[in-house]
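Quantities reported herein were computed from a predicted structural model and do not represent experimental measurements. Atoms within each ligand, like the ligands themselves, are counted from 1 in listed order. For reference, positions follow the sequence shown, starting with 1.
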Amino acid sequence: MICTGCSCLCEDIEIQDSKILNACEKGYKHISRFKESKAKNRVYGKEVDLDKAIESAVEILKSAKSPAIYGLDTTTVEAQRIAVKIAEKLNGYIDDNSSFCLGEFVEAILRKKIPSATLDEVRDYAYVLVYWGTNPYHSIPRHMSKFTYYPRGKKRNRGYDEDRFLVVIDVRRSETAKLAKKNAKFIKVEDDLELVDSFERALEGKAPKYDVAEIAREMKKADFNAIFGGLGLKYGLRGNYEKFFSFLNKANKFAPLYFIPAGFHSNMRGFNETLFEEVGEVNKFSFIEKRSDPNFSFPELLKNKKIDVALIVGTDPMSSLPFDVSEKLYEIKKVVLDPRETFTAKNAEVSISSAFSGIECGGEMVRSDGVRVKLEPIEKAEIDDVYILRRILEGL
Ligand code: SF4
């Protein structure tokens, strides 16, 4: 089966005699506990059957003056596509976690502003591997063992301490940074923009402020290098994405360097790609204004009291958003689709129990590098996000 525990979407998970093989601990828990704390179909706190829950969801969405659809990063591309249709039908907003996660990087790749590659190509060819502002040890646990540092590839078959050069850039010595020993470098970053400058200078043969001259020399030796950028990079850039994108393109004049976003929910990239195909934007989109805008991100809509109803799919914003934002969720009506009895589901006006994508239902997801995978569920639930969203769309 395919594990949907993170955006690695590991395809080598085996279930033998109820044992889960090959998964990391995060994946093991994700798969083994799927039957725990299942959500219930409820309307205003009272348990109801599925039809009544869907009927009430439709009523609430129809009565909305300014609705938003939010979440969708753990569901399938098929469900995401229906959710976009619902947002369009409602003339509402649609957004996912990527608006405050790695959406800008995915957008740059989709608009072909920066060079990117697949993780399979990284495994086969990459020499310098830069983890910038991300700690895969926690967020994407098998990234290094399946795709980047540890595996031997077609042109990289001499072992990780000879045929890879590992660079970890972080504000602290993370678990990943502790691996940077032989043929490797850890950079404790204080100013990411200055570090970008330093890389540029070092590649041009000028003296850099940060000690990156050796990395630049190693990059120039190889015909394939990769940066995996995470949230630390995003926030370290302080909005200066263009400077980073320009660096990536300039760097490619000296040494091939590809960028792959790293560390997010299983199908965040799928959401970005689906919305991009439908409307030409990757997130925070308004169907009234027909454009994307930072003010249309779900947290901003809540903070600025721009919405009165939210259809929330497969995420728990009452637990995950900052308190000054999440408390605003009490002021609006919420329809929640989730397999789990989350805090948001418990507080929703309508909660509908769905299936775990990849475990109880199939469909398609998009890995962090853009590779599409077909899920192989171990059980087949009759009621999944596609079924529920389709019925809601029909009801509208
Ligand atoms: S790395 Fe991610 S996809 Fe792979 S087994 Fe672990 S949680 Fe699942």
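E88 has no carboxylate O lying under 4.0 Å from a charged side-chain N of K290, or vice versa, which leaves the two without a salt bridge. Salt-bridge annotation for E59 and K62: absent, with no side-chain N of the basic residue lying under 4.0 Å from a carboxylate O of the acidic one. Electrostatic pairing of K146 and D12 counts as a salt bridge here, judged by a charged N lying under 4.0 Å from a carboxylate O.
For the pairing with E341, the side-chain hydrogen bond (donor to acceptor under 3.5 Å, both in side chains) check across K38, R42, K346 returns one residue only, R42.
Between T344 and D316, the side chains place a donor N or O and an acceptor N or O closer than 3.5 Å (distance only, hydrogens not considered).
Contact detail for E162 and Y127: the closest heavy-atom pair is O-CE1, 4.2 Å.
Excluding water, every protein N/O/S atom under 2.8 Å from atom 4 (Fe) of ligand 1 is given here by residue and atom: C10 SG.
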